[in-house]
Amino acid sequence: MCRNIKTLFNFEPPAAHAEIHASALQFVRKLSGFNSPSQANAEAFNRAVSEVSDSARRLLASLQTNAPARDREVEAEKARERSRARFG
């Protein structure tokens, strides 16, 4: 489930709201064990996703680095190469 959580810090352009939300959703899904919650749990689930997303956005905004920003396409190609090496 959490394989979709990607590193979001130090990319150019910076992580979009949708990327942060998707990571927060995957995180809450993993913690709760729900892919989609029941109606009884939907409010708590959605609130948790919102709070994790807000926390992640604040974290990314406050982090600092001297390293040059990474390129999304270069990192994606590295991931594809690792996958080819692992799975053939």
Side-chain angles (χ1 to χ4, degrees):
M1 231 187 303
C2 283
R3 286 179 275 176
N4 293 332
I5 297 178
K6 306 291 185 209
T7 300
L8 299 176
F9 176 62
N10 197 26
F11 278 99
E12 193 57 47
H17 174 76
E19 291 174 297
I20 296 170
H21 180 79
S23 289
L25 178 60
Q26 288 297 320
F27 181 73
V28 173
R29 283 178 174 168
K30 184 65 171 186
L31 287 177
S32 68
F34 300 136
N35 192 29
S36 84
S38 66
Q39 286 183 336
N41 293 318
E43 184 179 339
F45 185 91
N46 292 333
R47 183 177 52 249
V49 171
S50 178
E51 290 172 1
V52 169
S53 185
D54 291 343
S55 293
R57 233 184 327 302
R58 283 192 304 274
L59 171 66
L60 293 173
S62 66
L63 293 175
Q64 299 178 10
T65 184
N66 292 325
R70 294 178 281 180
D71 182 280
R72 292 179 190 281
E73 288 304 314
V74 170
E75 295 300 318
E77 183 54 38
K78 287 179 188 178
R80 285 190 290 273
E81 185 58 38
R82 285 191 302 271
S83 179
R84 281 192 289 273
R86 182 175 178 194
F87 300 111

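Note that these values count all heavy atoms, side chains included, but never hydrogens, waters or copies made by symmetry. This is a predicted model, so every value here is computed, not measured.
Ion pair Lys78/Glu81 not flagged as a salt bridge, since none of the NZ, NE, NH1 or NH2 atoms sits closer than 4.0 Å to an Asp/Glu carboxylate oxygen.
Checking side-chain atoms of Asn35 against main-chain N and O of Arg29 turns up no donor-acceptor pair under 3.5 Å.
Residue Asn41 holds its CG atom at 10.5 Å from CG of Asn46, rounded to the nearest 0.5 Å. Arg70 contributes atom CZ, which lies 8.5 Å from atom OG1 of Thr65 (distance to the nearest 0.5 angstrom). Interatomic distance, Leu25 CG to Ser36 OG, rounded to the nearest 0.5 Å: 10.0 Å. Remark: Arg82 CZ to Arg80 CZ distance equals 11.0 Å, nearest 0.5 Å.
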Problem set entry | Audit row: Glu75, Thr7, side chain to side chain contact (heavy atoms under 4.5 Å, CB included) steps and yes/no | CA-CA 10 Å; Glu75 295 300 318; Thr7 300; over 6 Å; no
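Closest heavy-atom contact between Phe34 and Phe45: O-CE1, 3.9 Å. Heavy-atom minimum distance, Val52 versus Ala24: CG1-CB, 3.7 Å. Of all non-hydrogen atoms in Phe11 and Ala69, the two that sit nearest each other are C-CB, 4.2 Å. When every heavy atom of Ala15 is checked against every heavy atom of Ile20, the shortest pair comes out as CB-CG1, 4.1 Å.
Few gaps surround CZ on Arg84; more than 12 heavy atoms of other groups in view lie less than 6.0 Å from it.
Between Glu51 and Ser53, the closest side-chain pair of non-hydrogen atoms is not below 4.5 Å. In this structure the side chain of Pro14 never reaches within 4.5 angstrom of the side chain of Leu60, judged on heavy atoms. Annotation: side chain of Arg72 is in contact with side chain of Pro13 (closest heavy-atom distance under 4.5 Å).
The cluster map of Ile, Leu, Val, Met, Phe, Trp and Tyr, joined by side-chain heavy atoms under 4.5 Å apart, puts Leu8 and Leu63 in the same cluster.
For the residue pair Ser50 and Arg47, no side-chain donor N or O sits within less than 3.5 Å of a side-chain acceptor on the partner.
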